[in-house]
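Index from 1, following the sequence. Just follow the structure's listing: the first ligand is 1, and inside any ligand the first atom is 1.
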Amino acid sequence: MLLFTPGPTPVLEELRWAMAAPTIHHRTPEFENIFASAKASLLALLGMHEVLMLASSGTGAMEACVATFCSNTALVINSGKFGERFAKIGTALGRNVHEIKHEWDTPASADEVLEALAKNPKIDAVFLQACESAGGLRHPFEEIASKVKEHNPKIFVVVDCITALGVEFIDTHNIDAVIGGSQKAFMLPPGLSIIGLSEMAVQQIEQCSTGYYFNLANELKSQRKNTTAYTPATTLIIGLAEYFQKVLIDGFYNVYHATKARSLGTQKAMQTLGLQIYPKVPALAMTAVAHEQADTLRKTLKNDFGVNLAGGQDHLKGKIFRINQMGLLPVHECAWVINAIELALEKLKLRKFDGSANIAFLQTYYAEMNKQAPGSHPKQ
Ligand SMILES: *Cc1c(COP(=O)(O)O)cnc(C)c1O
């Protein structure tokens, strides 16, 4: 079965082997070295001042960020389940929450964020996704972050990059906290979350110790010494260090390049089949396709063609299917997924198979791959 859901993603064989080694104790120089190596790679990936790793799914890091960076009013961009989650966390923690709410195919704009900030001077933190995985859309998060900082540099900008880290280059200049998770582009099992931090974010953490398990002040103190406040997710951190070993051979820009080529190829293939890409601005991490028979199609793909795709949630249940693009995916697997979708459409008597989806995918993929020679990207 090919697991092509946008989280969890398949765990690479090399990472599985690394994580199969006997457990080592976390309060040892051996583990501290591994922790230091994973941390150094994360800092290089993020280009940020500090980074923390927490033993939790991504939502734990989201909660820690709301608790730490919002004291009064949170501005939350909600174009789907994960944006909505920031709002729910804010309410649960007793913060005032102001939402910019859109249909799940529609990204927010910098202008409406500025408008909200002008109207609500008590907003002290802005929360949004880089890629909102509910509908596979991309928010213009770089522009939003830059406009927020222009308006008031003291407002914290927190970007959930769980489905953007390791997918595309992230300009972290105007971002105070970048959230990541193990089970997306890092191709690891779930259970490790990551928070990249700006200098201003570090100052805030040092001044405002809040919460217990997700107390970032305690974590920062420990993690600066390459240890953690509580027992870390040792196995996942070992896997993460191994992921960086593997990816650094090729370089991140080559990973970004290949991900973009696969993603654009998949979009083109779906359009060639007469299908509609669901979001108005698609993210590269996944391809969300609108289809009235999405769940029947997914069932056929799973039972007859060995392909596992994700569906939609809430009001999009049965209305979309989502194809993962995150991680180091072999292109022949992607080609088979594209092919299987066309075969499944024939099986459901919706279209005659002629292989045109795969042709469109491969043409676009190779055209994109040939655009830039590997290694020609600017250094991060
Ligand atoms: C997967 C995901 C999360 C994290 O969800 P968890 O289930 O807590 O790991 C957060 N935000 C986005 C955009 C995601 O795709």
Under the side-chain hydrogen bond (donor to acceptor under 3.5 Å, both in side chains) test, which residues partner Glu84, sequence neighbours left out? none
Numbered in order shown, the ligand 1 atoms found under 4.0 Å of a heavy atom of Gly58 are 4 (C), 6 (P), 8 (O), 9 (O)
If the plane angle is over 60° it's perpendicular, under 30° parallel, otherwise tilted; pick one for Phe361 and Tyr365. parallel
Numbering the atoms of ligand 1 from 1, which are under 4.0 Å from a heavy atom of Ser133? 12 (C), 13 (C), 14 (C), 15 (O)
Suppose we measure from atom 6 (P) of ligand 1 to each protein heavy atom; which comes out shortest, and what is that distance? Ser57 OG, 3.4 Å
Against ligand 1, does Glu132 come closer than 4.0 Å with any heavy atom? no
When you measure from atom 5 (O) of ligand 1 to each heavy atom in Arg85, Met62, Glu63, Met326, which option holds the nearest one? Arg85
Distance only, no hydrogens: is a donor on one side chain within 3.5 Å (strictly under) of an acceptor on the other, for His49 and Gln203? no
Ionic contact status for Arg138 with Glu168, cut-off 4.0 Å: yes
Give the single entry among Gln183, Lys184, Gln129, Lys81 that approaches atom 1 (C) of ligand 1 most closely by any heavy atom. Lys184
Taking it one step at a time, do Ile341 and Trp336 satisfy side chain to side chain contact (heavy atoms under 4.5 Å, CB included)? CA-CA 9 Å; Ile341 291 169; Trp336 169 250; over 6 Å; no
Sequence-distant partners of His332, ring pair (Phe, Tyr, Trp, His ring centres under 6.0 Å), two or more places apart: none
Among non-hydrogen protein atoms, atom 11 (N) of ligand 1 lies closest to Asp160 OD2, 2.5 Å
Among Ile162, Leu128, Leu192, Thr163, closest by any non-hydrogen atom to atom 4 (C) of ligand 1: Ile162
Heavy-atom gap Cys131 to ligand 1 smaller than 4.0 Å: yes
With heavy atoms and a 4.0 Å threshold, my read on which part of Thr59 contacts ligand 1 is both
Close aromatic pair by centroid cut-off 6.0 Å: Tyr243 and Phe186: yes
